[in-house]
Amino acid sequence: MNRAVFAVVGHPNKGKSSIVSTLARNDSVKVSQRSGTTTAADVVRVETAHSGYELVDTPGFQRPNKVLAWLNQHSVQADQRAKAVETFINDVECQKRFPDEVALLTPLIKGAAILYVVDGSRPFGVEYEAEMEILRWTGQPSMALINPIENHEYVDSWSDALAQYFKTVRIFNPMKADFERQLELLQAFAHLKPEWAKTLRQVNQDLINFREQQRKNSAIILARLLEDLCVYQISRKVLNKKQAESIQPLLVEEFSYWMRQREQRSIEELFAVYAHYQTELTMENLNMPPDLFDCDQWYMWGLNKKQLATVGAITGAAAGAAADMAVAGHSFMLGAIGGGLLGFGSAWFGADKLVTVKLQGLPLGGFEAVYGPINNKNFPYVVIGRFVHLHQQISQRNHAQRGVMQVTTIDLQQQITSLERSTQKALHQSCARLIKQKTVDDLETLILPLLK
Ligand SMILES: Nc1nc2c(ncn2[C@@H]2O[C@H](COP(=O)(O)OP(=O)(O)O)[C@@H](O)[C@H]2O)c(=O)[nH]1
Ligand SMILES: [Mg+2]
């Protein structure tokens with residue numbers, strides 16, 4: 001059988017499940033503060049486009065000394081040892097007395113390679129020797145992984161101890177190891193069993209391609225979001241201006257609700273692209289200014305006044321337009337959409353610069369109150385900035401990480417100026433077009449370089 005299978009074994013609470021989750025690049029693997037979350041061996045199939053392999057998450061050793069004593073009683077010769085382990089896992093009495101050890105040794109007897117995990121921030125002790133000895137008895141190819149959970153204090157002494165039992169000893173932190181390090185580990189796996197090398201090389205290549213595809217899919221999600229948010233408007237038929245004034249707060253509410261929901265949906269799509277499904281990653285827990293329309297925060301996500309003013313020069317727009325562009329992201333504008341600061345009369349009849357509001361006479365009498373679209377030139381940048389930022393966080397987040405995502409701000413301007421000059425120009429022109437409700441061809445390709 002050519003399927004590569006790795007059983008992740010060790011003491012409870014050393015990060016075994018975390019390693020499985022990070023390598024599988026999926027956060028559905030159970031990780032817990034409590035010991036013994038994994039009670040039976042869980043097989044996680046890592047399927048890639050043209051290949052795949054299996055990781056077996058195991059419960060962890062509970063009574064290694066007793067198990068080793070049992071094995072010693074049932075075998076004396078080196079060539080009998082794997083057989084003794086097999087007898088152990090099939091023994092009904094052992095299955096009752098040592099369920100965890102039976103569960104973790106079974107995949108090894110079936111041919112899985114061993115990934116033995118220890119914590120580099122806790123001292124080595126002789127109690128681990130029984131575990132390593134038992135693993136050696138299985139005769140399977142093996143590798144030791146030192147997970148420096150809190151610090152690196154005992155990494156060196158662990159390295160010396162592990163070298164006595166394992167040919168390969170590596171440091172691997174499932175919380176911090178970036179994509180490159182994960183690939184490196186996978187390459188090291190390929191050396192464990194020669195007959196798995198080809199499959200695992202293919203997995204490696206598939207993962208690289210898949211990551212690029214994730215980036216492209218994210219760009220598509222952002223492009224559709226930008227288009228939708230920049231054109232959205234709502235309207236209602238009304239009899240007269242008085243009625244228009246009375247329904248205005250409702251329109252504002254409905255408009256902003258839809259816009260926020262639309263952004264939220266794209267973020268959910270983005271997280272799904274990266275296989276992050278944990279509920280802790282909801283919008284409320286993102287710690288980013290939760291409101292798309294909190295204009296005081298706009299400079300954090302979009303461009304600031306000075307940066308906006310230079311956009312005209314880059315795109316070749318008339319100099320006079322620069323002053324107009326500078327009117328952006330001031331809380332004064334919030335009134336139009338938050339329903340707060342401006343008297344709605346002036347907001348309704350066009351004094352604002354954030355949202356277009358119109359009251360159109362209808363041919364058969366009466367009026368149509370129109371709210372939207374947003375006409376503020378900073379708006380597309382704000383949408384891009386928020387999304388680019390979340391993409392940066394989520395694409396680098398290891399699947400073992402279960403806490404609330406820490407969100408800091410980004411400098412969109414800096415990201416834009418790091419692009420090629422022609423790309424920058426095209427991007428600014430596209431933002432200008434979007435805010436004028438004009439279509440942009442191939443928007444996703446244009447914004448792709450911002451999703452690094
Ligand atoms: N800070 C930190 N926590 C870790 C690391 N590895 C595991 N943990 C935490 O340690 C606990 C046990 O991890 P888990 O993967 O369930 O260990 P297992 O019992 O060996 O499967 C969980 O709360 C993890 O979040 C690490 O490298 N750094
Ligand atoms: Mg576990």
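Note that the numbering runs from 1 along the sequence shown for the chain.
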- What do the steps show when you test Q213 against N217 for side chain to side chain donor-acceptor pair (under 3.5 Å), and what is the final call? CA-CA 6 Å; Q213 192 57 51; N217 290 347; 3.1 Å; yes
Would you be so kind as to tabulate the donor-acceptor pairs closer than 3.5 Å made by side chains of residues 266-274, with sequence neighbours excluded?
{"from": "S266", "atom 1": "OG", "to": "E263", "atom 2": "O", "distance (Å)": "2.7"}
{"from": "E268", "atom 1": "OE2", "to": "Q264", "atom 2": "NE2", "distance (Å)": "2.9"}
{"from": "Y274", "atom 1": "OH", "to": "H391", "atom 2": "NE2", "distance (Å)": "2.7"}

Can you give each donor-acceptor pair under 3.5 Å made by side-chain atoms of residues 171-192, sequence neighbours left out, with the distance rounded to 0.1 Å?
{"from": "N173", "atom 1": "OD1", "to": "M175", "atom 2": "N", "distance (Å)": "2.9"}
{"from": "N173", "atom 1": "OD1", "to": "K176", "atom 2": "N", "distance (Å)": "3.3"}
{"from": "D178", "atom 1": "OD1", "to": "E180", "atom 2": "N", "distance (Å)": "3.3"}
{"from": "D178", "atom 1": "OD1", "to": "R181", "atom 2": "N", "distance (Å)": "3.0"}
{"from": "Q182", "atom 1": "OE1", "to": "R25", "atom 2": "NH1", "distance (Å)": "2.5"}
{"from": "Q182", "atom 1": "NE2", "to": "A177", "atom 2": "O", "distance (Å)": "2.9"}
{"from": "Q182", "atom 1": "NE2", "to": "N398", "atom 2": "OD1", "distance (Å)": "3.2"}

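- Each side-chain hydrogen bond (donor to acceptor under 3.5 Å, both in side chains) pair with one or both residues in residues 430-443, not counting sequence neighbours, appears once here: D442-T445.
- Counting only distance, with no hydrogens or angles, the side chain of T22 and the backbone of A400 share a donor-acceptor pair below 3.5 Å.
- A search for salt bridge (charged side-chain N to carboxylate O under 4.0 Å, His left out) contacts involving R224 returns E227, E444, not counting sequence neighbours.
- Taking the side chain as every heavy atom from C-beta outward, Q62 and P12 approach each other to under 4.5 Å.
- Checked against ring pair (Phe, Tyr, Trp, His ring centres under 6.0 Å), Y116 has the following partners two or more places apart in sequence or in another chain: F166.
- Every salt bridge (charged side-chain N to carboxylate O under 4.0 Å, His left out) that E254 has, sequence neighbours left out, goes to R236.
- Residues passing the side-chain hydrogen bond (donor to acceptor under 3.5 Å, both in side chains) test with E368 are S235, sequence neighbours excluded.
- Residues passing the side chain to side chain contact (heavy atoms under 4.5 Å, CB included) test with S418, sequence neighbours excluded: K452.
- With sequence neighbours excluded, the residues that form a salt bridge (charged side-chain N to carboxylate O under 4.0 Å, His left out) with R215 are E212.
- Shown here are the side chain to side chain contact (heavy atoms under 4.5 Å, CB included) partners of S121, two or more places apart in sequence or in another chain: D119, I149, E150, N151.
- When the salt bridge (charged side-chain N to carboxylate O under 4.0 Å, His left out) test is applied to E153, no partner is found at least two apart in sequence or on another chain.
- Although no hydrogens or angles enter the test, the distance criterion places a donor-acceptor pair under 3.5 Å between the side chain of E101 and the main chain of R63.
- Partners of A275 by side chain to side chain contact (heavy atoms under 4.5 Å, CB included), not counting sequence neighbours, listed by chain and number: N26, Y277, H399.
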